[in-house]
Peer 1: 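I am attaching a structure below and will ask some questions about it afterwards.
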2 protein chains.
Amino acid sequence: MKQADAPPPEARTGIPRRANTRQILAAAEHVFGRHGFHGASMMEIAREAGLPKANIHYYFGTKEDLHRAVLEQILAEWLQDADTWLHPDISARTGFEGYIRAKMTFSRKRPDASRLFAHEVLQGAPNIYPYLSTTLRDHVAGLARTFDVWKARGEMRVDVDAYHLMFSLWGMTQTYADMSTQMCAVLSRTTLTAQDHDKSIETILMLILDSCTPVAARQTETRS
Amino acid sequence: MKQADAPPPEARTGIPRRANTRQILAAAEHVFGRHGFHGASMMEIAREAGLPKANIHYYFGTKEDLHRAVLEQILAEWLQDADTWLHPDISARTGFEGYIRAKMTFSRKRPDASRLFAHEVLQGAPNIYPYLSTTLRDHVAGLARTFDVWKARGEMRVDVDAYHLMFSLWGMTQTYADMSTQMCAVLSRTTLTAQDHDKSIETILMLILDSCTPVAARQTETRS
DNA sequence: GTCTATACGCTGATAGAC
DNA sequence: GTCTATCAGCGTATAGAC
């Protein structure tokens with residue numbers, strides 16, 4: 001249902017539309033991510049998309065409409081990582097590790113998406129609060145049930161609050177996209193290296209697995 | 001050197017200045033924190049400070065100057081928490097616990113300050129990058145030395161990277177100010193309760209202490 | 001020192017030619 | 001469908017009266 005790219009003749013109505021909207025969405029994610037909603041200008045988005053400014057308004061009505069469109073696209077792929085890994089069918093250790101690696105990969109590959117979301121929530125989520133209080137809310141409730149299964153199986157500590165654990169996981173992983181400028185300054189780098197990313201994943205895995213996983217399930221790495 | 005408040009007659013030059021500048025800085029922290037630099041308007045700051053718009057420009061030249069002033073004030077108190085608690089004179093467990101509680105208290109009491117900082121770093125820290133790459137950089141290097149002492153004393157796991165541990169600590173604690181809107185939506189609250197904050201501190205303490213602290217130092221709470 | 005009135009630039013949005 | 005030219009409103013900053 002979603003064939004993309006390849007700019008054919010405009011024989012059939014609305015075919016080049018797809019290519020243009022994708023370019024606009026990509027440019028918008030980049031510009032909104034870097035400057036936030038108010039700091040971004042439609043002209044800069046148009047320039048980056050290689051289109052005249054008026055076309056943006058033709059495809060997506062207002063600036064707010066475009067912003068919402070980008071956000072919804074991001075949030076859709078956002079939840080998939082959790083559904084894949086935080087699932088009762090796999091073990092707690094494997095699940096946590098897979099989820100953390102997926103979130104860290106997302107932070108590295110698409111930092112602008114993470115920053116765009118951060119900007120939105122920082123301002124009180126004016127555009128996506130309804131989504132957060134319904135879809136995301138139910139989603140996290142589902143994750144809590146997964147944790148209950150893991151706890152019942154003895155794969156996870158029983159006295160861990162599901163919601164606050166998720167908040168900490170989000171905070172730790174997304175900070176590597178949102179606050180990367182600060183990290184570069186502290187580490188005296190112009191950009192985070194592959195080694196930095198490996199170390200960051202290693203650290204977060206240690207924090208989560210060594211505290212949320214019962215002692216019985218981990219013996220190999222207590223080298224201190 | 002820093003006597004404040006009390007609006008006396010303008011017999012001596014520049015006395016009411018103090019009261020006004022403090023009001024302006026407080027209003028600016030609030031407005032910048034809620035809307036970010038570009039989203040904030042000088043008119044709103046003036047209204048909240050109870051002063052005409054032109055006075056703001058009289059005291060602090062441009063909008064950027066005011067923004068920088070607020071940021072520097074925040075960053076000054078920012079580092080004190082770490083200096084107090086992450087210090088070789090006290091034990092690792094007490095130090096981590098004190099630091100986490102201090103950061104979480106700051107996130108609860110002055111969320112606008114945390115959000116203002118987040119907005120700035122999200123945009124690439126255009127105003128405070130020099131500060132981050134000098135003062136903050138050296139500061140974190142000092143914390144790493146504290147951790148080395150704790151490791152040598154056997155109070156902390158030796159295979160924990162100091163920098164990434166700090167990044168995770170910042171991410172977990174500041175997310176409770178920056179992303180509080182998202183948490184309220186997920187938890188179905190209009191505002192985070194005292195119980196929520198207690199649980200958040202408890203969760204973070206567990207994550208840090210149970211993974212960074214050697215097994216010998218903790219026996220009482222392994223109830224799973 | 002304080003405040004009102006205003007100038008100027010920037011940006012979102014649209015009308016209308018092609 | 002596509003793009004150029006233009007409008008209208010907002011927001012920073014300042015000039016100048018008090």
Side-chain angles (χ1 to χ4, degrees), chain A residues 5-25 27-32 34-71 116 119-120 123 126-127, chain B residues 5-25 27-28 30-71 119 123 126-127:
Chain A
D5 59 55
E10 72 285 2
R12 287 189 275 174
T13 59
I15 289 301
R17 202 185 192 90
R18 276 285 155 74
N20 282 347
T21 54
R22 285 205 316 127
Q23 276 187 343
I24 294 172
L25 284 172
E29 177 176 311
H30 190 219
V31 177
F32 279 135
R34 291 196 76 81
H35 305 301
F37 178 77
H38 295 284
S41 78
M42 296 297 272
M43 206 196 67
E44 189 178 354
I45 295 175
R47 190 169 48 73
E48 195 149 318
L51 273 75
K53 191 175 58 172
N55 288 32
I56 318 285
H57 283 101
Y58 175 73
Y59 286 121
F60 306 85
T62 71
K63 186 185 183 183
E64 277 195 326
D65 291 336
L66 174 58
H67 189 246
R68 229 188 318 269
V70 182
L71 266 173
L116 174 46
H119 272 294
E120 168 72 8
Q123 299 198 358
N127 285 300
Chain B
D5 60 56
E10 74 284 4
R12 288 189 274 174
T13 59
I15 288 302
R17 204 183 190 91
R18 277 284 155 77
N20 283 347
T21 54
R22 286 204 317 128
Q23 275 187 342
I24 294 171
L25 285 172
H30 190 220
V31 176
F32 279 135
R34 291 197 78 79
H35 306 301
F37 178 78
H38 295 283
S41 79
M42 296 297 271
M43 207 196 67
E44 190 179 353
I45 295 175
R47 191 168 48 73
E48 195 150 316
L51 271 75
K53 192 174 56 172
N55 288 33
I56 317 286
H57 283 101
Y58 175 72
Y59 285 121
F60 307 84
T62 72
K63 187 186 183 181
E64 276 195 326
D65 291 335
L66 174 58
H67 189 244
R68 228 187 318 269
V70 181
L71 266 173
H119 271 294
Q123 299 198 357
N127 285 297

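Naming: A, B, ... by sequence-line order, numbering from 1 per chain. All values derive from a computational prediction rather than experimental measurement.
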Peer 1: Please give, in whole Å, the distance from C/dA13 P to A/Asn55 CG?
Peer 2: 15 Å
Peer 1: To the closest 0.5 Å, what do you measure between NE2 (B/His57) and CG (B/Leu66)?
Peer 2: 8.5 Å
Peer 1: Within this structure, what is the CZ-to-P distance between A/Arg47 and C/dC10, rounded to whole angstrom?
Peer 2: 15 Å
Peer 1: To the nearest Å, give me how far apart NE2 (A/His67) and P (C/dT11) are.
Peer 2: 17 Å
Peer 1: Report yes if at least one side-chain N or O of B/Asn20 is closer than 4.0 Å to OP1 or OP2 of C/dT2; otherwise report no.
Peer 2: yes
Peer 1: Within this structure, what is the CD1-to-C1' distance between A/Ile56 and C/dT11, rounded to whole angstrom?
Peer 2: 14 Å
Peer 1: Decide yes or no on ring pair (Phe, Tyr, Trp, His ring centres under 6.0 Å) for A/Phe37 and A/His119, but give the supporting numbers first.
Peer 2: CA-CA 8 Å; A/Phe37 178 77; A/His119 272 294; over 10 Å; no
Peer 1: Are the side chain of A/Asn20 and the backbone of A/Arg17 linked by a donor-acceptor contact shorter than 3.5 Å?
Peer 2: no
Peer 1: Could you write nucleotides 7-18 of chain D as a row of B, S and -, 5' to 3', where a protein heavy atom under 4.0 Å of any base atom gives B, of only sugar-phosphate atoms gives S, and otherwise -?
Peer 2: -----BBB----
Peer 1: Any sub-3.5 Å donor-acceptor pair from A/Gln123's side-chain atoms to B/Gly36's backbone N or O?
Peer 2: no
Peer 1: Nearest 0.5 Å, please: how far is OG in A/Ser41 from CZ in A/Arg47?
Peer 2: 8.0 Å
Peer 1: Measure from CG on A/Asp65 to C1' on C/dA13 and round the result to the nearest Å.
Peer 2: 12 Å
Peer 1: Identify the two heavy atoms, one from A/Val31 and one from A/Ala40, that lie closest to each other, and give their separation to 0.1 Å.
Peer 2: CG1-CB, 3.6 Å
Peer 1: Measure from CD on A/Glu44 to P on C/dT11 and round the result to the nearest Å.
Peer 2: 9 Å
